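Every heavy atom of this structure was used, including side-chain atoms; hydrogens, water molecules and symmetry mates were not. Here the structure is a predicted model, which is why all the values come from computation and not from measurement. Numbered from 1 within each chain, the chains take letters A, B, ... in sequence-line order.
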Amino acid sequence: KAGVTQTPRYLIKTRGQQVTLSCSPISGHRSVSWYQQTPGQGLQFLFEYFSETQRNKGNFPGRFSGRQFSNSRSEMNVSTLELGDSALYLCASSPSGSGREETQYFGPGTRLLVL
Amino acid sequence: AQSVTQLGSHVSVSEGALVLLRCNYSSSVPPYLFWYVQYPNQGLQLLLKYTSAATLVKGINGFEAEFKKSETSFHLTKPSAHMSDAAEYFCAVIVSYKLIFGSGTRLLVRP
């Protein structure tokens, strides 16, 4: 099976712009989660989707949003970019998102640089 | 609230030496714990996970971890370090569909 794919891999934007990142989960996986990784804050959970519904959301401002499509592909959007949004954005998928013991499989990430 | 703490942001070992990366958890319920590895410019790869089936968990690349409830620990070990083990390692606990990560430990392997 192909792994989790994320596009684009690298992105440069300027402050105030918006950006959309895409994630295709492993075939058959229905749960998609997003994480932000920065040197200062480490790995932080953004949100999780299952069957097109957001089930959990991290502590991020409303500028960060996401959605999931009927084929389980997911996008996240960041509006009005700030310098502090520069980070590696990681997507992870799991089969059913049943919770506690299910492994999340990660994609290679999208590295966003905000100038 | 459930959380994990990784002691030591950097660990340096010689090639062939024992690798020990520390992780302690805080949880009021039996936790489900994970170790992930991240190589430069890559995503996270699962090394192993604890799901209460066995306290000693064997993972990929010769790594293993032992769940010790009395010490609230889930330390990662490998008997003999290889140069290719140089990477950043993250311990995590899963809570309500989300992974909560420790701050990570960067492993340096000296020739």
Toward chain B, the part of [X] with a non-hydrogen atom under 4.5 Å:
X: A:F47; answer: neither
X: A:L88; answer: side chain
X: A:Q6; answer: neither
X: A:T103; answer: both

Legend entry - All pairs passing ring-ring contact (aromatic ring centres under 6.0 Å, His included) where residues 63-94 of chain A contributes a residue, at least two apart: A:F60-A:F64

Legend entry - Trace of the side chain to side chain contact (heavy atoms under 4.5 Å, CB included) decision for B:V95 with A:F45: CA-CA 11 Å; B:V95 180; A:F45 172 79; over 6 Å; no

[atom2] on [Y] to [atom1] on [X], rounded to 0.5 Å:
X: B:Q42; Y: A:L90; atom1: CD; atom2: CG; value: 11.5 Å
X: A:L43; Y: B:Q38; atom1: CG; atom2: CD; value: 6.5 Å
X: B:I94; Y: A:Q104; atom1: CD1; atom2: CD; value: 5.0 Å

So for [X], is it side chain, backbone, both, or neither that comes closer than 4.5 Å to the heavy atoms of chain A?
X: B:Q45; answer: neither
X: B:L46; answer: side chain
X: B:K98; answer: both
X: B:Y50; answer: neither

[X]-[Y] co-clustered via ILVMFWY side chain contacts under 4.5 Å:
X: B:Y89; Y: B:I60; answer: yes
X: B:L47; Y: B:M83; answer: yes
X: B:Y25; Y: B:V57; answer: yes
X: B:I100; Y: A:W34; answer: no

Should we say atom [atom1] of [X] is surrounded by more than 12 heavy atoms from elsewhere, each under 6.0 Å from it?
X: A:R73; atom1: CZ; value: yes
X: A:N59; atom1: CG; value: no
X: B:K69; atom1: NZ; value: no
X: B:E15; atom1: CD; value: yes

Legend entry - Backbone N/O of B:S96 and side chain of A:N56: donor-acceptor pair under 3.5 Å: yes

Inset, instruction - Look at the side chain of A:E102 and the backbone N and O of B:Y97, then say whether any donor-acceptor pair between them is shorter than 3.5 Å. - result: no

